[in-house]
> 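Before I ask anything, here is the structure I am working with.
Chain naming here is simple, since letters A, B, ... match the order of the sequence lines and numbering starts at 1 in each.
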Protein chains: 2
Amino acid sequence: MARWQEGAAGRLQAAALRLYAERGYEQTTVADIASEAGVTARTFFRHYADKREVLFAGSERLRDGMLAALEAAPATATPMEAVAAALDASTVFLGRDHEHSRLRMSVIFANAELLERELIKMASIAAAMAEGLRRRGVPARDASLAAETGTVVLRVAFEQWVAGPPDGSLPDLMRATLVRLTEVTAAR
Amino acid sequence: MARWQEGAAGRLQAAALRLYAERGYEQTTVADIASEAGVTARTFFRHYADKREVLFAGSERLRDGMLAALEAAPATATPMEAVAAALDASTVFLGRDHEHSRLRMSVIFANAELLERELIKMASIAAAMAEGLRRRGVPARDASLAAETGTVVLRVAFEQWVAGPPDGSLPDLMRATLVRLTEVTAAR
DNA sequence: GTATTCGATGTCATCAAGTGACATCACTGG
DNA sequence: CCAGTGATGTCACTTGATGACATCGAATAC
């Protein structure tokens, strides 16, 4: 157990978000963040692999939660139904703190490097879901299409939720967006 | 006009791909690439913004070509039909050199940083297509869904083509993948 | 033909990201 | 009270990336 000053990781996270929002990502050095959190730069890198990762900690839990929901779907479910279950599960992690999400997203969208990281996190979620679907016997191409399409719905719905009122329902938006997707793709 | 040694940009590109493939992206320094191309590291950064970008030069042309095709689609076309036209156009740029594409993709998939860049290039294409659709009067959410879905089809089809035989038809794969997507999303 | 101009490159200095090696300090268990 | 453990600090170093300035070769003007 640590007894120096509890919660260095959390302090670094909060300091990073604040500084990135205040003066921009590129104008903030790791040394700034660390000193703001009362530690040294070396300690920053012991908690987070790089300067971007500090905004993305915990995304493994989101991925695992979605994967568990996908795997818990009934064997009779179609690929998209299993993905829909995962999307429902995601709202538990994502739909928690509207204001925090709004600030975090505004920081991420303001910088290409951070957006890159966001995208690869989504891609890793898609890859995990695709593999989960393949384990259920879904053909590889169908699995990729369903999983990637799912993350499209997730992104679009989440962005709408973040841009909307603080009391909006992310689960409702998620479901409505999924329905809308089927309509848009069907229209040919 | 430059008269020192024509084509420094091209030499840097070729050297980078070769070295990244031979010894890996992280094991290759910019100095290595530059000296291989007969220039200095400083010159590398005059041609490419960073160490990754050297593998992604020309992606603006792909984006512009797809956007032009999307805008050239008849006004009566549905959003997905316009996106389909853009996908068709993309094959002209992407389906050219199978072996080069295979090598490039193997390098990109071997490194998370390069994959990040690949993803953001796709995202910028999606954003451009979504904006093009909105200019056609498509509601914002539908535009995002159609455009992002389009890049999903593009990725899945392209990966299949790269993994397949050298004489495979990318346009055929692209169209078949799009059809398959509508089937997968419709099955609920 | 020579001078001038301009663009591409080289050189140098510097900062920031990231990493490895090792010391240190506070607490914990015996 | 002491050894051990884990988190942190310190130091040195590599590499990516950028700004400032010098230089060199070719095209063009004269």
Side-chain angles (χ1 to χ4, degrees), chain A residues 1-57 107-108 110-118 120-121, chain B residues 1-57 107-108 110-118 120-121:
Chain A
M1 292 294 183
R3 282 296 173 282
W4 326 131
Q5 276 216 43
E6 292 283 356
R11 290 202 312 279
L12 284 165
Q13 214 172 317
L17 180 58
R18 183 155 34 85
L19 292 176
Y20 290 171
E22 275 176 20
R23 49 172 108 156
Y25 169 78
E26 292 182 352
Q27 282 66 49
T28 305
T29 72
V30 172
D32 293 337
I33 302 169
S35 104
E36 193 82 359
V39 295
T40 63
R42 192 69 186 82
T43 294
F44 177 95
F45 290 109
R46 288 204 179 90
H47 287 277
Y48 302 102
D50 60 54
K51 195 183 162 190
R52 288 174 278 173
E53 197 62 19
V54 65
L55 287 190
F56 297 92
V107 168
I108 290 175
N111 185 273
E113 279 185 54
L114 292 172
L115 195 49
E116 283 183 345
R117 183 58 54 91
E118 168 81 2
I120 206 168
K121 294 290 180 182
Chain B
M1 293 297 182
R3 280 296 173 284
W4 325 126
Q5 276 217 45
E6 291 283 358
R11 289 202 313 278
L12 284 165
Q13 215 172 316
L17 181 58
R18 182 154 35 84
L19 291 177
Y20 290 172
E22 274 176 21
R23 48 173 107 154
Y25 170 78
E26 292 182 351
Q27 283 66 48
T28 306
T29 72
V30 173
D32 292 337
I33 301 169
S35 105
E36 193 81 0
V39 296
T40 65
R42 192 68 187 83
T43 294
F44 176 95
F45 288 108
R46 288 204 179 90
H47 287 276
Y48 301 102
D50 61 53
K51 195 184 161 189
R52 288 174 276 174
E53 197 62 19
V54 64
L55 287 189
F56 297 92
V107 168
I108 289 175
N111 185 272
E113 280 184 55
L114 292 172
L115 195 50
E116 283 183 346
R117 184 58 55 91
E118 169 80 2
I120 206 169
K121 294 290 181 183

> Distance check needed: D:dG16 P versus A:D50 CG, whole Å only.
15 Å
> Does B:T43 have a side-chain nitrogen or oxygen under 4.0 Å from the phosphate oxygens OP1 or OP2 of C:dT9?
no
> Nearest to the side chain of B:R46, which nucleotide is it out of C:dA16, C:dG18, C:dT11?
C:dT11
> 5'-most contact on DNA chain C: A:R42 or A:A31, nearest heavy atom basis?
A:A31
> Does D:dA7 have its OP1 or OP2 closer than 4.0 Å to a side-chain nitrogen or oxygen of A:H47?
no
> Find the distance B:Y48:OH to D:dT18:C1' and express it as a whole number of Å.
19 Å
> Hey, can you pull the residues of residues 14-23 of chain B with a non-hydrogen atom under 4.0 angstrom from DNA chain C?
none
> To the nearest Å, how far apart are B:E26 CD and D:dT14 C1'?
14 Å
> Considering only NZ, NE, NH1 and NH2 on the basic side and carboxylate oxygens on the acidic side, decide whether A:E26 and A:K51 come within less than 4.0 Å.
no
> Looking only at the side chain of A:K51 (C-beta and beyond, no hydrogens), which of the listed nucleotides C:dG10, C:dG18, D:dA17 gets closest?
C:dG18
> Within this structure, what is the OH-to-C1' distance between A:Y25 and D:dA17, rounded to whole angstrom?
13 Å
> May I ask you to say what B:A41 touches in the nucleic acid, namely base, sugar-phosphate or nothing, with a heavy-atom cut-off under 4.0 Å?
nothing
> Roughly how bent is the helix from C:dG1-D:dC30 to C:dG30-D:dC1 end to end, in steps of 10 degrees, with each end axis from five pairs?
0°
